[in-house]
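Quick note on labels: first sequence line is chain A, next is B, and so on, each numbered from 1. Keep in mind the model is a prediction, meaning the values are calculated, not measured. Just so it is clear, the values below take in all heavy atoms, side chains as well, and ignore hydrogens, waters and symmetry mates.
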Amino acid sequence: MTRPTRVRFAPSPTGALHIGGARTAIYNWAFARATGGTFVLRIDDTDPERSTAENTAQILRSLRWLGLDWDEGPEIGGPFGPYSQTERSDRYAAALERMKVNGSAYPCFCSAADLETKRTAARAGDGAAGYDRTCRRLDPDTVAARLQAGEPHVWRLAVPADRGDIVVDDAVRGETVFPASAMDDFVLARTDGTPTYNFATVVDDADMEITHVVRGDDHLSNTPRQILVFEALGHFVPRFAHLSMIWGADGKKLSKRHGATSVEAFRDEGFLPEALLNYLALLGWSLDGETTIVSRDVLASAFSLDRISKNPAIFDVEKLEWMNGVYIREMPPAEFAERMLPWLVEAGLTTADDFYRRPEWYMTLVPLISERLKRMTEIAPALRFLFADAIELDPAAVEKALSSDEARSALAAAGDALRELRSWDAETIQTALRDLAESLGVKPKVLFQAVRVATTGSTVSPPLFESLVLLGRDATLARIAAAL
RNA sequence: GGCGCGUUCGUCUAGCGGUUAGGACACCGCCCUCUCAAGGCGGAGAUCACGGGUUCGAAUCCCGUACGCGCUACCA
């Protein structure tokens, strides 16, 4: 009974990959990796109205961006393909055929209107819902005749009359019992012959020899129905693990109102894939209750289903930001420089050519900025003063640091002092300015802030002396003059 | 309505019969400091949803209640 682990992530391409789906993907991937199993990616595109190729492409892109690779699936194939449901209709037909033969599926000719009235009547009554099995009681001759006549019909699952309560041994929730009486003969195939979700997904999971189904909580109630189908198909029932949902900060379902929800939106908002991966992994799973920084490699070796928590989790952007900052700070400088470049280019501050023409200059800038970031989007605003020809001085900053006579005359003196320096390095600049402040009798901070506002436009900037070095003497002197 | 799931600091979580209920983010204070961060140290913050049991002993086991969520479709 010990089969090699095979898990799958089966997104529906009706939209971008959102963080809930991403977390499900991460757990599946990590579980496969940690158990030496196989991670299958399957596209559940049975909804032709809402499924698009672009959505599929974006989902694949998002998964790869997060660093998740699949062993079987779109673009790489595999022994159990095809890996999108629209290409598997013959499988569903074959499975249904088997069920017709073994008596676990039967045709139902009830109209939608009939069903509707039955449903409302049932709900008003004892609440014991579901289809009343009218067509299951039809005698075989009648069925054959109506089928022969081409009467429209769906195919329903014939829940075994002697089936006891259905127990789902969920890896996250433990044993949950669903009364057999609550199982109705649900529809497997629609009038037009297409399979319903609960049927298609089971046929696929069975065909693909999936051993563990790790998916969202919203499918827990569907699980007993699916188990019935596995049984009707004569296939082993996989182990299930149902993940709780991720909510917005207000405890409500995540939506656009909460800002970014898609993986790509988080990318665009300056989050690193390794940070998002780490954060999402810990949103519902823990390594030991203490560790917060969990790399992809650790995830891939230490992930286990039994440490998934049952509680729904609220998405906390502030913690993600903190984690993003941790990853930024821990990144090797050369790597940070490379990954910073696109953000500078996008902001129109520089070009890749310039970057590769003088990499040393960019490298010296790395430690000044990387230490104070939460998001990559903060890079361009913080460094704009180094690239722009002219800067605008923030009025509030001017008011604060340049409005007094003391500050203005000190700034003028600073300009003179800096012009005279023999060398243009941080140490020399700092010494000169400190000496100047002392001889003028002004507080160093006052002088520094005056210079900072004059040269960067703001009271907040990367370290001043290093910034001036990068700015260069000419620009520094020009800006001081302009500010006076 | 029926069935199912969930409920530990504001947030993410540890805990799996005996703990001063631990960690992280956020927050507050101090230190460091050219601003902002980062970093270091410290602090506040949880009657473990509520009510009953079981037990010498319960956040941990059982039963209810409340609240939230999911399913109950020829959606996925």
Side-chain angles (χ1 to χ4, degrees), chain A residues 10-12 14 44-47 49-51 108 110 112 115-116 119 122-130 152-156 168 170 172-173 176-179 181-184 186-192 194-198 200-201 216-225 242 244-245 247 249 251-253 279 282-293 307 309-323 325-326 329 369-374 382 397 401 430 433-434 437 443-449 451-453 456 458-465 467:
Chain A
S12 179
T14 53
D44 277 12
D45 53 358
T46 48
D47 185 343
E49 297 292 304
R50 297 185 295 154
S51 299
C108 170
C110 295
L115 294 173
E116 185 56 37
R119 194 155 37 230
R123 193 166 299 195
D126 58 358
H153 61 280
V154 298
W155 287 88
R156 288 182 181 276
V168 179
D170 194 276
V172 175
R173 296 171 199 270
T176 48
V177 183
F178 294 82
S181 59
M183 291 302 107
D184 70 333
F186 70 94
V187 174
L188 302 168
R190 306 183 181 101
T191 307
D192 66 3
T194 58
T196 57
Y197 167 78
N198 278 320
T201 198
D217 205 37
D218 45 342
H219 292 293
L220 181 56
S221 297
N222 282 322
T223 305
R225 279 176 256 280
H242 286 96
S244 290
M245 310 272 81
W247 301 111
K252 300 230 174 74
K253 192 167 181 166
Y279 179 73
L282 251 42
L283 202 60
W285 176 82
S286 61
L287 179 62
D288 54 15
E290 307 277 296
T291 313
T292 51
I293 299 302
R307 292 200 61 87
S309 83
K310 305 187 223 295
N311 325 354
I314 290 176
F315 193 88
D316 180 6
V317 203
E318 290 192 331
K319 189 157 184 175
L320 208 212
E321 286 183 326
W322 165 78
M323 204 172 268
V326 170
R329 272 173 254 128
I369 183 73
S370 67
E371 196 170 282
R372 55 209 88 219
L373 291 178
K374 288 198 297 259
Q430 173 159 208
L433 292 182
R434 282 190 189 281
K443 286 182 168 173
K445 283 191 181 190
V446 172
L447 208 213
F448 297 159
Q449 281 301 78
V451 174
R452 187 190 309 280
V453 171
T456 72
S458 166
T459 54
V460 176
S461 81
L464 182 61
F465 316 116
S467 293

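- Atom C1' of B/rG22 sits at a distance of 26 Å from the matching atom of B/rC31, rounded to the whole Å.
- Backbone-only contact: A/V177 has heavy atoms under 4.0 Å from sugar-phosphate atoms and none from a base.
- Among the protein residues, A/V187 comes within range of the sugar-phosphate backbone only, with heavy atoms under 4.0 Å from sugar or phosphate atoms but none that close to a base.
- Of the two residues contacting RNA chain B, namely A/F315 and A/T176, the nearest-nucleotide position lying further toward the 5' end is that of A/T176.
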Generate the contact string for nucleotides 27-44 of chain B. Rules: B means base contact, S means sugar-phosphate contact only, - means no protein heavy atom under 4.0 Å. -------BBBBSS-----
Annotated protein contacts, base or backbone, on nucleotides 65-71 of chain B with a non-hydrogen cut-off under 4.0 Å, one of B, S, - each: ----SBS
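- With a cut-off of 3.5 Å on both pairing distances, the Watson-Crick or G-U wobble partner of B/rC41 is B/rG29.
- For the side chain to side chain contact (heavy atoms under 4.5 Å, CB included) test, residues two or more places apart in sequence or in another chain that qualify with A/V460 are A/S458.
- Looking at heavy-atom distances under 4.0 Å, A/S309 makes contact with sugar-phosphate atoms alone, never a base.
- Across all strands shown, A/G284 has heavy atoms under 4.0 Å from sugar-phosphate atoms exclusively, and none from any base.
- Using modelled atom types and a 3.5 Å distance limit, the side chains of A/H242 and A/T223 yield a donor-acceptor pair.
- Rounded to whole angstrom, the span from the CZ atom of A/F186 across to the P atom of B/rA76 amounts to 12 Å.
- Once rounded to the nearest 0.5 Å, the distance linking CG of A/N222 with CG of A/N198 reads 4.0 Å.
- With sequence neighbours left out, the salt bridge (charged side-chain N to carboxylate O under 4.0 Å, His left out) criterion links A/E290 to no other residue.
- In this structure, the CZ atom of A/R119 is 18 Å from the P atom of B/rG1, given to the nearest Å.
- Straight-line distance between the P atoms of B/rA49 and B/rU7: roughly 8 Å, to the nearest whole Å.
- Between the P atom of B/rA76 and the CZ atom of A/R50 lies a distance of 8 Å, rounded to the nearest Å.
- The separation of B/rG51 from B/rU8, taken at their P atoms, amounts to 16 Å, rounded to a whole angstrom.
- For the pair A/H242 NE2 and B/rC5 P, the interatomic distance rounds to 12 Å; values are reported in whole Å.
- One can place CG of A/D288 at 9 Å from C1' of B/rG23, the figure rounded to the nearest angstrom.
- Residues passing the side chain to side chain contact (heavy atoms under 4.5 Å, CB included) test with A/R372 are A/P463, sequence neighbours excluded.
- Of the nucleotides present, none pairs with B/rC36 by Watson-Crick or G-U wobble criteria with both distances under 3.5 Å.
- The P atoms of B/rA37 and B/rC30 are separated by 14 Å, rounded to the nearest whole Å.
- A/N311 has a side-chain polar atom (N or O) that falls below the 4.0 Å cut-off from OP1 or OP2 of B/rU8.
- With RNA chain B read from its 5' end, the first of the two nearest nucleotides for A/E290 and A/V172 is the one closest to A/V172.
- Applying the salt bridge (charged side-chain N to carboxylate O under 4.0 Å, His left out) criterion to A/D45, with sequence neighbours excluded, gives no partner residue.
- Side-chain atoms of A/I314 lie closest to B/rU11 of the nucleotides B/rG6, B/rG22, B/rU11.
- Counting non-hydrogen atoms under 4.0 angstrom, A/T223 reaches nothing in the nucleic acid.
- Look at B/rU47: it lacks any Watson-Crick or wobble partner with both distances under 3.5 angstrom.
- Taking A/D170 as the reference, nothing meets the salt bridge (charged side-chain N to carboxylate O under 4.0 Å, His left out) condition, with sequence neighbours excluded.
- To the nearest whole angstrom, the two C1' atoms, one in B/rC34 and one in B/rC28, are 25 Å apart.
- Between the C1' atom of B/rU13 and the CG atom of A/D316 lies a distance of 12 Å, rounded to the nearest Å.
- Side-chain contact between A/R329 and A/L373 is absent, with no heavy atoms from C-beta onward closer than 4.5 Å.
- Rounded to whole Å, the distance from NZ on A/K310 to P on B/rA59 is 18 Å.
- Listed by chain and number, the residues in a ring pair (Phe, Tyr, Trp, His ring centres under 6.0 Å) with A/F465 are A/F448 (sequence neighbours excluded).
- Across the protein-nucleic acid pair, A/R307 atom CZ and B/rA14 atom C1' stand 7 Å apart, rounded to whole Å.
- Within the shown strands, B/rG68 is the pairing partner of B/rC5 under the Watson-Crick or G-U definition, both distances less than 3.5 Å.
- Taking atom P in both B/rC12 and B/rC74, the straight-line distance is 36 Å, to the nearest Å.
- Looking at every heavy atom in both residues, A/M245 comes nearest to A/G216 through CE-CA, 4.1 Å.
- Proximity note for A/L115 (side chain, C-beta onward) versus B/rG6, B/rG4, B/rC74: the nearest is B/rC74.
- Base pairing of B/rA59: no nucleotide in any strand meets the Watson-Crick or G-U wobble criterion (both distances under 3.5 Å).
- Across all strands shown, the partner of B/rA24 is B/rU11, judged by Watson-Crick or G-U wobble contacts whose two distances both fall under 3.5 Å.
- At a threshold of 4.5 Å between non-hydrogen side-chain atoms, the residues A/Q449 and A/T459 count as touching.
- When the P atom is compared between B/rG4 and B/rU54, the two are found 26 Å apart, to the nearest whole Å.
- Considering only residues two or more places apart in sequence or on other chains, A/W322 meets the ring pair (Phe, Tyr, Trp, His ring centres under 6.0 Å) condition with none of them.
- Taking the P atoms as reference points, B/rA24 lies 10 Å from B/rG40, given to the whole Å.
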